[in-house]
Amino acid sequence: MLRWAEATAYGAGGGLIVEAVVTYGRLRAWQQARHAARVADDRLPRIGKFVDPPADSLAALFRVMLGSVAGWLLHAEITGVYAAVTVGASAPALLAQLGRATTATDALRANEPSGSPAQADPPELDPVREASP
């Protein structure tokens with residue numbers, strides 16, 4: 001089990017790794033577009049069509065923060081560095097899933113029809129009425 005500070009740091013690192021892969025994908029798309037434009041003797045595309053520094057930086061910051069929050073939240077369950085990095089890398093999907101999680105009672109109630117007897121008040125039993133003809 002990792003301490004919370006370690007899990008938080010490794011989780012942030014996992015988020016940073018994912019963001020680096022996303023940025024590499026954008027740069028690779030720019031490179032391929034440039035190669036295609038050179039072959040076709042077209043105008044070379046600018047990098048600004050593939051990378052938006054303010055928006056991409058903000059998205060990267062939030063991905064790193066989500067990775068660190070996920071590492072912090074799950075530090076008691078994380079048993080190693082690779083697990084913490086994985087939690088950080090999958091933080092947006094993982095935290096969204098945790099946000100949608102329900103308790104067992106909520107899950108059972110969600111499957112009941114709206115007018116089911118389980119939700120209605122139980123009938124009161126009157127021993128005098130039951131005994132009279």
Side-chain angles (χ1 to χ4, degrees):
M1 180 169 76
L2 294 179
R3 288 179 287 178
W4 70 268
E6 293 170 324
T8 300
Y10 290 127
L16 190 59
I17 289 170
V18 170
E19 195 57 38
V21 170
V22 168
T23 302
Y24 171 75
R26 291 183 181 132
L27 292 174
R28 178 80 173 131
W30 174 58
Q31 178 192 34
Q32 290 175 340
R34 286 180 61 89
H35 286 295
R38 283 185 188 273
V39 169
D41 285 331
D42 289 340
R43 217 171 142 190
L44 296 177
R46 296 179 330 154
I47 193 168
K49 289 191 172 217
F50 296 87
V51 178
D52 182 11
D56 293 343
S57 298
L58 189 60
L61 176 67
F62 272 88
R63 187 178 296 270
V64 169
M65 287 174 30
L66 285 173
S68 64
V69 167
W72 175 71
L73 284 173
L74 299 172
H75 75 275
E77 284 80 24
I78 296 174
T79 57
V81 173
Y82 293 123
V85 170
T86 302
V87 164
S90 61
L94 183 65
L95 293 176
Q97 184 68 27
L98 286 175
R100 287 190 300 266
T102 59
T103 63
T105 304
D106 292 340
L108 290 174
R109 286 187 182 154
N111 291 331
E112 293 176 356
S114 60
S116 70
Q119 291 179 348
D121 291 331
E124 292 185 30
L125 299 177
D126 186 3
V128 176
R129 278 193 203 162
E130 296 293 324
S132 62

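Note that the structure is predicted; figures quoted are calculated from it, not measured.
Cluster annotation: Met65 and Leu58 are assigned to the same hydrophobic cluster (Ile/Leu/Val/Met/Phe/Trp/Tyr, side-chain heavy-atom contacts under 4.5 Å, transitive). A single hydrophobic cluster is not seen to contain both Val18 and Leu94; linkage of ILVMFWY side chains at heavy-atom distances under 4.5 Å, directly or through other members, places them apart.
Two residues are said to be in side-chain contact when any heavy atoms from C-beta on lie closer than 4.5 Å; Ile47 and Leu27 meet this criterion. You'll find the side chain of Thr23 stays beyond 4.5 Å of the side chain of Val51, heavy atoms only.
Judged purely by distance below 3.5 Å, without hydrogens or angles, the side chains of Gln31 and Arg28 pair a donor atom with an acceptor atom.
When the side chain to side chain donor-acceptor pair (under 3.5 Å) test is applied to Arg46, no partner is found at least two apart in sequence or on another chain. For Ala37, the side chain to side chain contact (heavy atoms under 4.5 Å, CB included) criterion is met by Asp42, Leu44, Pro45, not counting sequence neighbours. Considering only residues two or more places apart in sequence or on other chains, Arg3 meets the side chain to side chain donor-acceptor pair (under 3.5 Å) condition with Glu6. A search for salt bridge (Lys or Arg N to Asp or Glu O under 4.0 Å) contacts involving Asp56 returns Arg26, not counting sequence neighbours.
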Can Leu2 and Tyr10 be said to form a side-chain contact (heavy atoms from CB on, under 4.5 Å), step by step? CA-CA 10 Å; Leu2 294 179; Tyr10 290 127; 4.2 Å; yes
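Cluster partners of Leu16 are Val64, counting Ile, Leu, Val, Met, Phe, Trp and Tyr whose side-chain heavy atoms approach within less than 4.5 Å, directly or via other members. With side-chain heavy atoms closer than 4.5 Å counting as contact, directly or through intermediates, Tyr24 stands alone and belongs to no larger hydrophobic cluster.
Residue Gly71 comes nearest to Val87 through the heavy atom pair N-CG1, 4.0 Å, listed as atom of the first residue, atom of the second, then distance. Closest approach of Arg63 to Pro92, counting heavy atoms only: NH1-CG, 3.9 Å.
Note that CG of Leu61 is 9.5 Å distant from CG of Leu66, once rounded to the nearest 0.5 Å. His75 NE2 to Glu77 CD: the interatomic distance, rounded to the nearest 0.5 Å, is 8.5 Å.
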